[in-house]
Amino acid sequence: MNEADQRIGVAIDPTHGKAVDNEQLQAWDAQHSWHPFTPMRQYLTSDPLMIVQGQGVKLQATDGRWYYDGCSSIWLNIHGHRHPYLDTALQRQLAKVAHVTMLGQANVPATLLAKRLVDVVPPGLTRCHFSDCGATAVEIAVKTAIQYWHNLGQPKKQQIVGFENNYHGDTLGAMAVARSDFFHSPFLTLLPPNHQLPYPICPDQADPTAGETCDPALGQDLETLLQQQGEQIAAVIVEPVQGAGGILPAPPGFLQLLRQICSRHNVLMIVDEVATGFGHTGDWFACTREAVTPDILCLGKGLSGGYLPIAATLTTESIYEAFLGEIAEQKTLYHGHSFAGNPLAAAVSLASLDLMPRLIQSLPPKIELLHRRLAALSDQPHVWQVRQRGLMAGVTVCRDRGTGERFHFSQRAGYVVAQHARELGLILRPIGDVVILMPPPCISLEDLDQLLDQFLEAFDRAAETWATKSQDTETQDTDT
Ligand code: PMP
């Protein structure tokens with residue numbers, strides 16, 4: 001098929017049954033779609049990509065070109081697109097049943113998945129509550145923590161402590177533990193004030209190994225807060241690497257430190273590994289690396305290898321037991337989603353887990369290659385900071401490294417780099433002035449090397465753009 005053929009006949013008009021071309025699809029997208037987390041005015045003038053199909057670590061758009069999936073389809077994809085093993089698992093389950101409810105009944109793939117997850121998460125987490133996205137996994141974690149204390153006769157323990165710059169999803173409960181004046185201003189009255197402590201950032205490219213300990217002083221704020229107000233606090237929630245905050249890894253040992261403080265003060269520890277789970281940090285989970293068992297663990301995104309929406313909130317047996325009782329005692333967690341434990345998603349998740357052990361073994365040289373090649377950015381006059389944990393990397397760009405002058409979030413500096421990357425054949429999803437690179441962990445060394453050629457070249461091209469573009473033009477860009 002030549003390029004022209006690929007541009008047309010990519011879809012069938014659902015109303016008239018005729019083939020439609022790229023222009024028509026783009027017109028319908030512009031007329032009828034409202035894209036998530038996307039300023040639509042800017043989107044409509046941005047010549048957006050429309051994806052037709054995927055294969056391995058690449059995606060093909062209606063322009064006929066193949067692009068590296070440099071953000072693993074928003075941090076989800078683990079084993080590549082159209083993986084034969086995952087496709088087969090899905091087809092086999094489809095031949096049985098696509099969906100049944102998990103409310104008050106079980107299904108085979110979800111049961112097997114719960115058992116399997118308990119085997120691979122940190123020891124001590126024995127109960128698995130399924131939902132369908134990261135935000136719902138967090139909602140369940142927060143409600144479980146608060147009701148846990150309620151059921152134990154401590155109803156004052158209602159507050160959740162989070163960290164500045166955190167992100168746990170876009171539903172109200174998830175927003176409530178990650179308040180942001182910038183993103184949440186219309187909703188602030190719906191979000192009760194919560195504690196947000198400074199988050200310690202490991203500022204360089206360090207890719208730490210397990211077992212290291214961090215400076216105990218990093219836990220001092222939390223220690224003091226829990227000493228003073230622990231009786232009102234149900235849980236602490238933390239991302240091992242702040243993802244949407246711009247790939248900000250906490251220093252090694254920070255989870256262990258939090259674990260000790262939470263246990264000392266009788267406060268639950270919730271770890272949100274929605275973004276970090278399933279290989280992205282170089283291990284099954286960031287918790288695995290630090291040998292930490294939280295009281296509640298949130299998983300999503302990569303759980304199904306990035307194929308279908310499914311999430312899980314895992315808890316310890318003692319938390320679960322606090323919810324057992326007679327109906328009249330009202331100890332039940334009355335929380336559930338229609339698609340919880342969806343059999344198709346559970347079946348593909350089981351297949352994804354089968355592939356994980358080998359995948360994790362393959363990661364160290366890829367992490368090393370990423371580390372080595374990102375070092376080239378230290379010569380870049382517009383690169384302010386490079387951060388890496390495993391196969392997650394965040395590069396903050398700046399107007400002038402010499403003076404330390406930064407771009408404002410609204411200047412969409414990361415987007416400028418991403419547009420150049422796209423011209424070169426690489427899809428990235430930047431956040432403000434941070435360019436995020438998170439390739440699917442299955443990527444081969446050869447592909448990673450090629451992808452990094454494009455990634456680094458995009459920064460060179462962006463530097464040329466900034467050298468020639470006036471500030472006025474830049475400020476027309478606003479972020480997605
Ligand atoms: N928690 C974390 C740490 C995340 O990074 C995200 C999404 N980026 C979420 C929760 C929300 O997940 P979802 O978009 O699936 O609701």
Side-chain angles (χ1 to χ4, degrees), residues 35-38 70-78 129-145 160 162-180 183-184 194 196 199 201 235-250 254-255 258 269-281 285-287 294 296-314 335 337-340 342 345 349 352 387 389-394 414 428-432 434 436-438 440 479-480:
H35 288 262
F37 223 100
T38 303
C71 68
S72 44
S73 293
I74 214 64
W75 317 348
L76 301 158
N77 196 278
I78 307 287
H129 189 158
F130 288 117
S131 59
D132 39 33
C133 70
T136 55
V138 170
E139 297 273 340
I140 291 169
V142 168
K143 287 174 72 176
T144 301
I160 308 287
F163 290 89
E164 288 167 6
N165 204 39
N166 55 354
Y167 178 83
H168 295 289
D170 287 331
T171 55
L172 280 172
M175 286 157 60
V177 295
R179 265 165 78 107
S180 154
F183 290 112
H184 301 157
N194 252 320
Q196 275 173 304
Y199 184 80
I201 301 162
V236 173
I237 184 165
V238 65
E239 296 163 87
V241 177
Q242 287 194 333
I247 310 295
L248 310 173
F254 188 59
L255 293 178
L258 292 185
M269 178 185 189
I270 304 172
V271 178
D272 178 352
E273 293 230 35
V274 168
T276 49
F278 304 105
H280 291 294
T281 66
F285 307 104
C287 284
I296 306 182
L297 177 68
C298 303
L299 303 175
K301 290 193 187 274
L303 170 55
S304 65
Y307 262 54
L308 283 175
I310 184 166
T313 307
L314 289 114
H335 184 114
H337 299 278
S338 306
F339 275 103
N342 171 259
S349 300
S352 174
R387 300 170 297 274
R389 176 72 40 95
L391 281 177
M392 307 170 80
L428 299 174
R429 166 84 180 165
I431 299 181
V434 182
I436 293 177
L437 179 64
M438 209 158 149
D479 190 63
T480 56

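Every number for a ligand or one of its atoms is a count from 1 in the order of the listing. Below, each value reflects all heavy atoms present in this structure, side chains not excepted, and no hydrogens, waters or symmetry copies.
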The option among Ala135, Ala311, Gly243 carrying the non-hydrogen atom nearest to atom 16 (O) of ligand 1 is Ala135
Under-4.0 Å protein heavy-atom contact, atom 14 (O) of ligand 1: no
Restricting to heavy atoms, the pick from Asp170, Asp272, Ile310, Leu299 nearest atom 2 (C) of ligand 1 would be Asp272
So, Asn166 side chain and Gly245 main chain: donor-acceptor pair closer than 3.5 Å or not?
no
| Looking only at distance, does Lys301 have an N or O less than 3.5 Å from an N or O of ligand 1? | yes
Honestly, for Tyr167 the part within reach of ligand 1 (heavy atoms, under 4.0 Å) is both
Atom 12 (O) of ligand 1 sits nearest the protein heavy atom Gly134 CA, 3.2 Å
Within 4.0 Å of some non-hydrogen atom of Ala275, the atoms of ligand 1 are 5 (O)
field: Pairwise side-chain contact, Phe130 with Thr313, heavy-atom cut-off 4.5 Å (strictly under)
entry: no
Taking only non-hydrogen atoms of Cys133 and a 4.0 Å limit, the atoms of ligand 1 in range are 15 (O), 16 (O)
- Looking just at side-chain N and O atoms, do His337 and Asp132 make a donor-acceptor pair shorter than 3.5 Å? no
Next on the checklist: Is there a side chain to side chain contact (heavy atoms under 4.5 Å, CB included) between Leu428 and Leu437? Walk through the geometry before answering.
Outcome noted: CA-CA 7 Å; Leu428 299 174; Leu437 179 64; 3.8 Å; yes
* For the rings on Phe285 and Phe278, is their centre-to-centre separation under 6.0 Å? -> yes
Phe183 vs Phe37 aromatic rings, parallel, tilted or perpendicular, using cut-offs 30° and 60°?
tilted
